[in-house]
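Note that these values count all heavy atoms, side chains included, but never hydrogens, waters or copies made by symmetry. As the structure is a computational prediction, the values presented were derived from the model and not from experiment. Every chain is numbered from 1, with letters handed out A, B, ... down the list of sequences.
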2 protein chains.
Amino acid sequence: MDTKTRMIETATKLFQQRGYKAVGLNELLQACGITKGALYHHFPGGKEELLIACLQSLNETLTMDIESLFNRATSTEAAVRAVIGEMIKDLDRDGTIAGYTFSSIVSEMSLLSEPARDACRALYEKIQSIFYAKLVEDGFTSDRASSISLFLTASIEGGLLLCRAQNSSIPLQTISNVLPELMKEF
Amino acid sequence: MDTKTRMIETATKLFQQRGYKAVGLNELLQACGITKGALYHHFPGGKEELLIACLQSLNETLTMDIESLFNRATSTEAAVRAVIGEMIKDLDRDGTIAGYTFSSIVSEMSLLSEPARDACRALYEKIQSIFYAKLVEDGFTSDRASSISLFLTASIEGGLLLCRAQNSSIPLQTISNVLPELMKEF
DNA sequence: TCCAGCATACCAACCGGTCTGTTTTACTAT
DNA sequence: ATAGTAAAACAGACCGGTTGGTATGCTGGA
């Protein structure tokens with residue numbers, strides 16, 4: 001794997017886990033096994049340009065991952081369960097989540113960097129669009145589907161926050177159990 | 001108002017808006033109109049001790065605010081609408097939220113500081129307990145009430161994240177509209 | 001006079017970022 | 001095949017500014 005890709009992959013995980021500011025440049029370089037020369041060669045804009053690249057890369061991999069889970073699932077209910085299940089698996093194994101989320105970046109950068117905020121917005125839109133498509137497939141009207149897809153995205157991200165605060169995967173498990181129930185009622 | 005209280009109130013807003021690391025010590029001092037001497041006089045533990053104090057203070061004021069909204073409301077549905085309404089009002093007025101949330105702190109500090117994580121956990125538990133009490137009052141069983149209260153907390157925090165990413169209050173508005181509907185179905 | 005309640009001066013460590021220098025690679029003209 | 005060359009891909013020293021934190025000085029009230 002080439003240096004640039006390795007940098008993005010490593011940095012993405014770190015940013016997802018701990019946010020932007022909390023990850024120092026030197027720590028980043030050490031984790032990637034590179035030096036400043038390499039970083040500023042590939043990303044003249046420095047740390048922030050790397051962050052944007054991470055978010056864009058995340059957009060692709062996340063889309064692929066979630067879409068693959070959704071294609072294997074028969075209903076939106078099952079699909080959402082599968083996505084949350086993956087998050088719980090990560091959480092229980094590593095004690096932290098390094099996929100399917102970027103809440104730490106959003107809350108930190110939305111006021112700080114317009115490009116970063118835009119990239120985050122694009123990511124959420126992408127996730128919601130996948131939910132939306134499956135919901136329409138399930139027979140929901142367009143309005144309903146877009147409301148629910150936003151709602152799903154929000155409650156999953158919020159559930160992750162609760163998991164982080166409690167240092168446990170129980171909140172996401174609860175949400176995983178409640179969500180499908182709610183979607184039947186519509 | 002005495003210096004210590006002023007420090008806590010000002011710092012709380014800043015931490016809520018932008019997180020912990022993103023708020024520098026000097027900026028903090030300037031915003032509070034004090035010097036380092038005063039800070040380290042009242043909080044020998046420095047910035048982190050101040051953060052803990054902020055979270056504890058937030059626990060009290062947040063509880064009072066939300067409980068007051070809940071007491072005036074007839075049902076959980078109306079109460080939740082009122083809480084989200086306050087958030088939206090803040091968001092539309094200031095372009096940022098400085099009350100009813102601390103997601104930026106959670107995502108940033110959960111891996112960094114055990115005491116901070118504990119304080120956040122306590123805060124979420126407190127909020128959920130208020131929801132829970134009202135839900136039981138509405139006639140829900142204990143199990144149901146605790147599931148829904150967790151769910152409410154999660155989706156509100158998640159909705160706020162979406163608002164930050166989109167720089168708009170629409171996500172929270174959507175959630176406000178959908179949530180009560182869901183709660184009737186139970 | 002004594003001590004809480006600050007203010008001021010200062011510090012080492014670290015921050016992200018720039019700079020210059022070196023190696024590696026890719027291509028080309030002979 | 002080979003020598004020459006230019007650009008890409010790094011490496012690492014260095015920089016000014018900022019960080020959180022400390023040590024000391026001052027000051028008004030009990």
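Rounding to whole angstrom units, CG of residue A/Leu39 and P of D/dA13 are separated by 17 Å. Here C/dC15 presents its P atom at 18 Å from CD of A/Glu48, a figure rounded to the nearest Å. Rounded to an integer number of Å, the gap from CD of B/Gln30 to P of D/dG20 is 13 Å. For B/Phe43 and D/dT22, the CZ to C1' distance is 18 Å, given to the nearest whole Å. Atom CG of B/Leu29 and atom P of D/dT18 are 15 Å apart (whole Å). The distance between atom CG of A/Leu25 and atom P of D/dT18, rounded to the nearest whole Å, is 17 Å. If you take NZ of A/Lys21 and P of C/dC14, they are 18 Å apart, rounded to a whole angstrom. Between A/Glu27 atom CD and D/dT19 atom P the separation is 19 Å, expressed in whole Å.
Of the listed nucleotides (C/dT18, C/dA7, D/dG12), C/dT18 has the atom at the smallest distance from the side chain of A/Tyr40. Taking the side chain of B/Lys47 as heavy atoms from C-beta on, and the options D/dA11, D/dG20, C/dA4, the nearest nucleotide is D/dG20.
Residue B/His42 places at least one side-chain N or O under 4.0 Å from the OP1 or OP2 atom of C/dC6. A sub-4.0 Å separation between OP1 or OP2 of C/dG5 and a side-chain N or O of B/Thr3 is absent. In this structure, A/Lys36 does not reach the D/dG12 phosphate: none of its side-chain N or O atoms is under 4.0 Å from OP1 or OP2. For B/His41 and C/dG5, the shortest distance from a side-chain N or O to OP1 or OP2 is below 4.0 Å. Applying the 4.0 Å criterion to OP1 and OP2 of C/dC14, one finds that A/Asn26 has every side-chain N and O outside that range.
In the displayed structure, B/Gln30 atom CD is contacted under 6.0 Å by at most 12 heavy atoms of other residues, nucleotides or ligands.
Using a distance-only test at 3.5 Å, with no hydrogens or angles considered, a donor-acceptor pair links the side chain of A/Glu108 to the main chain of A/Lys21.
Here B/Phe15 contributes atom CZ and B/Thr10 contributes atom OG1; the two are 11.0 Å apart, rounded to the nearest 0.5 Å.
At a threshold of 4.5 Å between non-hydrogen side-chain atoms, the residues B/Tyr124 and B/Phe102 count as touching.
Nucleic acid contact class of B/Gly24 (heavy atoms, under 4.0 Å, all strands): sugar-phosphate only.
With hydrogens and angles left out, the side-chain atoms of B/Gln173 and B/Ser169 include a donor and acceptor closer than 3.5 Å.
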